[in-house]
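I have placed the structure first, in the form of structure tokens, so that the comments after it can refer back to it.
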Amino acid sequence: MRKMLNTLYVTQEDAYLSLDSETLLLSIGGDVKARIPFDNIENIVCFSYIGCSPALMGKCVSQNIPINFISPYGKYWGKVTSGTQGNVFLRVRQIEVFKTHNLELSINTIVAKCHNAIQLIRRSQHDNEALRDDTEVQQAVAILMESIDGAFHAADGATLLGIEGYAAKTYFGIFNKLILNREFQFSFRTKRPPTDPVNAMLSFMYTIFTAEFAAGLETVGLDSYIGYMHALRSGRNSLACDLMEEARCIIERFVLTLINLKIVGMEDFEQFVTGAVYLNDKGRRKVLAKWQEKKRTTIKHDYLNETIPLGLLPYVQSNLLAKYVRGELTQYPNYLQKGN
């Protein structure tokens, strides 16, 4: 059984991680603030500027425990991990399969993304009666359904990306209607940098979840940098980005919940003179604490016909993709969110 929920998030910028025998130490200002048995950790996400000791990095490398370094504002910087491991033949096969089946895999990913976006909208309609008769929301659902049909008939990658782009624009075009807490407003998706609190949370959580998919892919021996849909780019986990496409709705639902239940407020954000908006330290702590709770909730995985912790999803999908690459499955089963 794989251990779950054993990710250590270090959010304080002045925290320093070190090693004492089999115990991880977290120090601030030279004072040890926490001791964590090393056996209880399988992943470290560090938002710290100071970082960690070489001894700890060596221990993590020997135990195949990745240390991810992310800026306090959610930008992924990189990670310390062991050298390339796993089955080298699987990696060769990964490249071969992605070259010959990239369109098929990409089509199924976009179809899953649109399907899950529809489920998110319908869930919002279920919870909010006013959305059920909203013409724009209904039209958005219709366009997403047409996008699914169009994706199935896409003859090439360029056509598929066009369909995906239009579907995403339509979806985010009505996203503000799903926000019930009028303290927050969303006009359109902004990334580099995010220019409002909603985009700040979306970008932050997309980064977190992508890092978890990258960890899952590394676990099963796939190369997280070689994707089938996102273009290869040095330093980018293209395959983790590919798998994230079908799971984005989980993050978007999570962000909507934080906003609509007033778990986060404007005091959790910081705006810079450049116009960029990011979660502040208090906001990051709050969001990450809720995310850890969210990962403990369960979801029904249709393909496995099992209920699994949400936190296990990146590992499950990575394992299914590895089975497809090895030829044990005829198709990669994308994650499809269940309806109400």
Pairing residues for A240 by the side chain to side chain contact (heavy atoms under 4.5 Å, CB included) criterion, not counting sequence neighbours: T210, F213, A214, L217, N237
Any salt bridge linking K300 with E306? Criterion: basic side-chain nitrogen under 4.0 Å from a carboxylate oxygen. no
Residue list, side chain to side chain contact (heavy atoms under 4.5 Å, CB included) with K169, at least two apart or on another chain: none
Please list, chain by chain and in numerical order, all residues satisfying side chain to side chain donor-acceptor pair (under 3.5 Å) with E246, sequence neighbours excluded. Q317, Y332, N334
Counterpart residues, side chain to side chain contact (heavy atoms under 4.5 Å, CB included), relative to E129 (two or more places apart): R132
Residues forming a side chain to side chain donor-acceptor pair (under 3.5 Å) with D196, sequence neighbours excluded: N199
Look up atom CE in M229 and atom CG in L243, then write down how far apart they are to the nearest 0.5 Å. 9.0 Å
Taking ring pair (Phe, Tyr, Trp, His ring centres under 6.0 Å) as the test, write out the residues that go with Y335, two or more places apart. none
Could you tell me whether a side-chain N or O of Q94 sits under 3.5 Å from a main-chain N or O of I226, the two making a donor and an acceptor? yes
Taking side chain to side chain contact (heavy atoms under 4.5 Å, CB included) as the test, write out the residues that go with L261, two or more places apart. T257, I263
Side-chain (T297) to main-chain (K294) donor-acceptor, under 3.5 angstrom: yes
Is the backbone N or O of E104 less than 3.5 Å from a side-chain atom of H101, with the two atoms forming a donor-acceptor pair by type? no
Side chain to side chain donor-acceptor pair (under 3.5 Å) contacts touching residues 149-167 (sequence neighbours left out): K113-E164, D156-T159
Is there any ring pair (Phe, Tyr, Trp, His ring centres under 6.0 Å) pair reaching into residues 226-245, and which pairs are they, with sequence neighbours excluded? F98-Y228
Distance-minimising heavy-atom pair for Y278 and P193: OH-CB, 3.4 Å
Partners passing side chain to side chain donor-acceptor pair (under 3.5 Å) against D133 (at least two apart in sequence or in another chain): none
Using atom types as modelled, flag every donor-acceptor pair under 3.5 Å from a side chain in residues 19-34 to any protein atom, sequence neighbours excluded.
unit_1, atom_1, unit_2, atom_2, d
E22, OE1, K59, NZ, 3.1
E22, OE2, K59, NZ, 2.9

What residues form a ring pair (Phe, Tyr, Trp, His ring centres under 6.0 Å) with F254, not counting sequence neighbours? W291
